[in-house]
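Quick notes on the structure that follows.
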Amino acid sequence: MTIEPEVYEAATWAGAVAGLLAERLRTNPSLRVCLPTGDTPVPVYDAVVALALAGACSFERATVVLLDEWVGLAPGDPARCDTRIRTGLIDRLPAPPAALHVIDADDPSPEAAAERHDEAARDLDLVVLGLGMNGHVGFNEPGSMADSPTRVLPLTDASRDAARARYGSRAVPVAGITIGMDRILAAREIWLLVTGQRKAGILRRALRDPESPDCPASYLRRHPSLRVFADDAAAGPMGR
Ligand code: F6R
């Protein structure tokens, strides 16, 4: 299936995506939504918080499911995905979501934590994703299949390098837990968020090259309700 990105100027992109998320919450207050961390959604979460504070949407009856997590970081570490989703979104909302499912990466058995999180990742209305520079979605790294389950997996050097700036002198974890491609593709709707010129090449591969495990984001094109929200820079020649 050929998917055209929905392209916005950088200045309006986050507000547009946040506005749509607010609309989903109004239409379905019990929305079960899976959210990513990373840098891409930061301005979207800022805009969603502003809308929630203005009374334009509420997570009060919604369930938020975290997309992925590093293994081996101490609780409260600012680089942890659970810390980032709390400080970037959840703790700033006027009312918390009815449920927040983070990933218990402190479990001595990360495999058991992944298994539990897989239960939380069932029956999702909406999965919001960022795009890795190597084509990963969540931590579904290159080599993942469309039916890859929620699991613990070793991270590629590319993913670890991309995160290095957040770690300073600390070692970047070597493993992560991610919701699987199977659960992502089973959601009712998927939104892929992509910004910045550096993502233009991988976005083009994800949307235009033949589907391949080399670029797990390319599997998303199988989904009948995939929407890709890109800014001008990321859309590059695919844009307007
Ligand atoms: C984060 C996640 C990752 C990121 C991706 C892009 O929860 O699942 O797949 O979405 O690595 O990261 P940024 O947005 O920092 O470019």
Side-chain angles (χ1 to χ4, degrees), residues 5 10 13-14 17-18 33-48 64-71 73 77-90 100-103 105 113-114 117 120-121 124 126-144 148 150-167 172-181 183-185 187 190-203 205-206 214-220 226-231 233-235:
W13 175 85
V17 177
V33 59
C34 171
L35 295 178
T37 53
D39 294 337
T40 310
V42 167
V44 175
Y45 297 157
D46 288 345
V48 168
V64 173
V65 182
L66 187 61
L67 177 61
D68 50 8
E69 186 57 275
W70 304 93
V71 174
L73 295 180
D77 190 300
R80 260 171 74 143
C81 300
D82 57 358
T83 310
R84 293 194 87 189
I85 198 75
R86 284 195 168 99
T87 56
L89 176 68
I90 306 294
L100 169 65
H101 294 282
V102 296
I103 302 175
H117 201 61
L124 292 166
L126 172 63
V127 174
V128 182
L129 300 167
L131 177 63
M133 289 294 290
N134 62 356
H136 73 204
V137 284
F139 279 140
N140 291 284
E141 296 278 42
S144 298
S148 288
T150 302
R151 64 204 184 283
V152 186
L153 78 169
L155 301 175
T156 59
D157 288 344
S159 294
R160 297 179 67 233
D161 286 346
R164 208 167 296 279
R166 274 179 227 134
Y167 284 85
V172 180
V174 294
I177 297 175
T178 188
I179 289 180
M181 287 308 308
R183 291 274 184 251
I184 292 171
L185 291 170
I190 301 174
W191 294 357
L192 180 64
L193 312 186
V194 196
T195 54
Q197 200 262 327
R198 70 194 183 100
K199 296 276 177 78
I202 193 65
L203 178 60
R205 273 182 65 197
D214 294 340
C215 179
S218 65
Y219 298 129
L220 301 176
L226 168 67
R227 294 178 75 173
V228 180
F229 298 101
D231 69 0

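Both backbone and side-chain heavy atoms feed into the values below; hydrogens, waters and symmetry mates do not. Remember, it's a predicted structure, so these values are computed and weren't measured experimentally. Atoms within a ligand are numbered from 1 in the order they appear, just like the ligands themselves.
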Shortest non-hydrogen contact between [X] and [Y], atoms and distance:
X      : Y      : value
Ser159 : His136 : OG-ND1, 2.9 Å
Val48  : Ala18  : CG2-CB, 3.6 Å
Thr40  : Thr195 : CG2-OG1, 3.7 Å

> Under 3.5 Å, is there a donor-acceptor pair between the Arg151 and Ser144 side chains?
Replying inline: yes

>> Could you tell me if Thr83 and Asp77 have a donor-acceptor pair between their side chains, going purely by distance under 3.5 Å?
In response: no

>> If we only consider heavy atoms of Arg198, is any one of them less than 4.0 Å away from an atom in ligand 1?
In response: yes

>> Please determine whether any non-hydrogen atom of Met133 lies less than 4.0 Å from an atom of ligand 1.
In response: no

Could you identify the single nearest non-hydrogen protein atom to [atom] and state the distance to 0.1 Å?
atom                    : answer
atom 9 (O) of ligand 1  : Gly138 O, 2.8 Å
atom 15 (O) of ligand 1 : Asp39 N, 2.8 Å
atom 8 (O) of ligand 1  : Asp68 OD2, 2.4 Å
atom 16 (O) of ligand 1 : Lys199 NZ, 2.8 Å

>> Out of all atoms in ligand 1, which are within 4.0 Å of some heavy atom of Arg166? Include the element for each.
In response: 15 (O)

>> Using a 4.0 Å cut-off to any heavy atom of Gly130, which atoms of ligand 1 qualify?
In response: 10 (O)

Is [X] touching ligand 1 with its side chain, its backbone, both, or neither, if touching means heavy atoms under 4.0 Å apart?
X      : answer
Arg84  : neither
Thr40  : both
Leu131 : backbone

> Does the side chain of Val17 reach to within under 4.5 Å of the side chain of Leu193, using non-hydrogen atoms?
Replying inline: yes

> Do Met181 and Leu220 have side chains that get closer than 4.5 Å, going by heavy atoms?
Replying inline: yes

> Are the aromatic rings of Trp13 and Phe229 close, with centres under 6.0 Å apart?
Replying inline: no

> Less than 4.0 Å between a side-chain N and a carboxylate O, is that true for Asp39 and Arg84?
Replying inline: yes

> Among Glu69, His136, Glu141, which one has a heavy atom closest to atom 4 (C) of ligand 1?
Replying inline: His136

>> When you compare ligand 1 with Leu67, is there at least one nitrogen or oxygen pair between them that comes in under 3.5 angstrom?
In response: no

